[in-house]
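Down below is the structure, laid out as structure tokens.
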Amino acid sequence: ETGVTQTPRHLVMGMTNKKSLKCEQHLGHNAMYWYKQSAKKPLELMFVYSLEERVENNSVPSRFSPECPNSSHLFLHLHTLQPEDSALYLCASSQDATVTNTEAFFGQGTRLTVV
Amino acid sequence: AQSVTQLGSHVSVSEGALVLLRCNYSSSVPPYLFWYVQYPNQGLQLLLKYTSAATLVKGINGFEAEFKKSETSFHLTKPSAHMSDAAEYFCAVSHFGNEKLTFGTGTRLTIIP
């Protein structure tokens, strides 16, 4: 496999469920990101990991918990979500989080619906 | 602070016609600018980027964009639209010292046969 792969592609969960989103990159990049894409809103950067350390957390509610066990894998653990959390969650990676003009490569996203 | 504004959430053009998608940026320092495309049920793919070299940037699929500092603009163009260009297009900005990409709200491009 190449590029950035996200699983599952679609997820429906109840507000009391616990689920996890998975992202894997095969590009040898050092930085990984979670974005939230909601209808009619700009992409929202949620978390940034550089060399497996979290370097950015944009005031995301604690019901979203990221995990980066190594530079190739990134998880987003979900717990007690609200209906307004329904969105497309995109994972991305880049060579280096500190290099401004580096290109970000995106996965296909996980379409999350909270019922 | 940095931001981008994409004028027009929806743009429709006829097949073979000129595509023009508008992006204006706000940045207190020289910006780096990007255009990404998102096809249905897909992630974002980089079309092109401006990083303070040539002001006219050529990207994939025949797209290009021109950085105009006086107008704080980075509009995306393609001379002749193709049906496969139907997608959502996002403009984004960053700058040295602020590595985060700030995205616009996107423009959905529809191609009329």
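When reading the values below, keep in mind they use all heavy atoms of this one structure, side chains included, and skip hydrogens, waters and symmetry mates. Chain letters run A, B, ... following the sequence lines, proteins first and then strands; every chain starts at 1. This one's a predicted model, so the numbers in the text were calculated from it and none came from an experiment.
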Quiz item: If you count heavy-atom pairs under 4.5 Å with chain B, which of A:Gln6, A:Arg9, A:Gln37, A:Glu44 comes out on top?
Solution: A:Gln37
Practice problem: Flag yes if A:Leu11 and A:Met46 sit in one hydrophobic cluster, no otherwise; membership is Ile, Leu, Val, Met, Phe, Trp, Tyr, and two members link when side-chain heavy atoms are under 4.5 Å apart. | Solution: yes
Quiz item: Can you tell me if CG on B:Asn41 sees more than 12 non-hydrogen neighbours from other groups inside 6.0 Å?
Solution: no
Quiz item: What distance do B:Leu44 atom CG and A:Leu43 atom CG have between them, rounded to the nearest 0.5 Å?
Solution: 5.5 Å
Quiz item: In terms of hydrophobic clusters joined by side-chain contacts under 4.5 Å, are A:Leu90 and B:Leu46 together?
Solution: yes
Quiz item: Which heavy atom in A:Ala104 sits nearest to a heavy atom in B:Tyr36, and how many Å separate them?
Solution: N-OH, 3.3 Å
Self-check item: OG1-NZ distance between B:Thr105 and A:Lys41, expressed to the nearest 0.5 angstrom
Solution: 12.0 Å
Quiz item: Side chain, backbone, both or neither: which part of B:Phe90 has a heavy atom under 4.5 Å from chain A?
Solution: side chain
Quiz item: Rounded to the nearest 0.5 Å, how far does OG of A:Ser94 lie from CG of B:Leu101?
Solution: 8.5 Å
Practice problem: Find the distance between CZ (A:Phe106) and CD (B:Gln38) and round it off to the nearest 0.5 Å. | Solution: 9.0 Å
Self-check item: Within 6.0 Å of CD in A:Gln82, more than 12 heavy atoms from elsewhere
Solution: yes
Quiz item: If you group Ile, Leu, Val, Met, Phe, Trp and Tyr by side-chain heavy-atom gaps below 4.5 Å, do B:Met83 and B:Phe63 land in one group?
Solution: yes
Quiz item: Does B:Tyr39 belong to the same Ile/Leu/Val/Met/Phe/Trp/Tyr cluster as B:Val19, with side-chain heavy atoms less than 4.5 Å apart forming each link?
Solution: yes
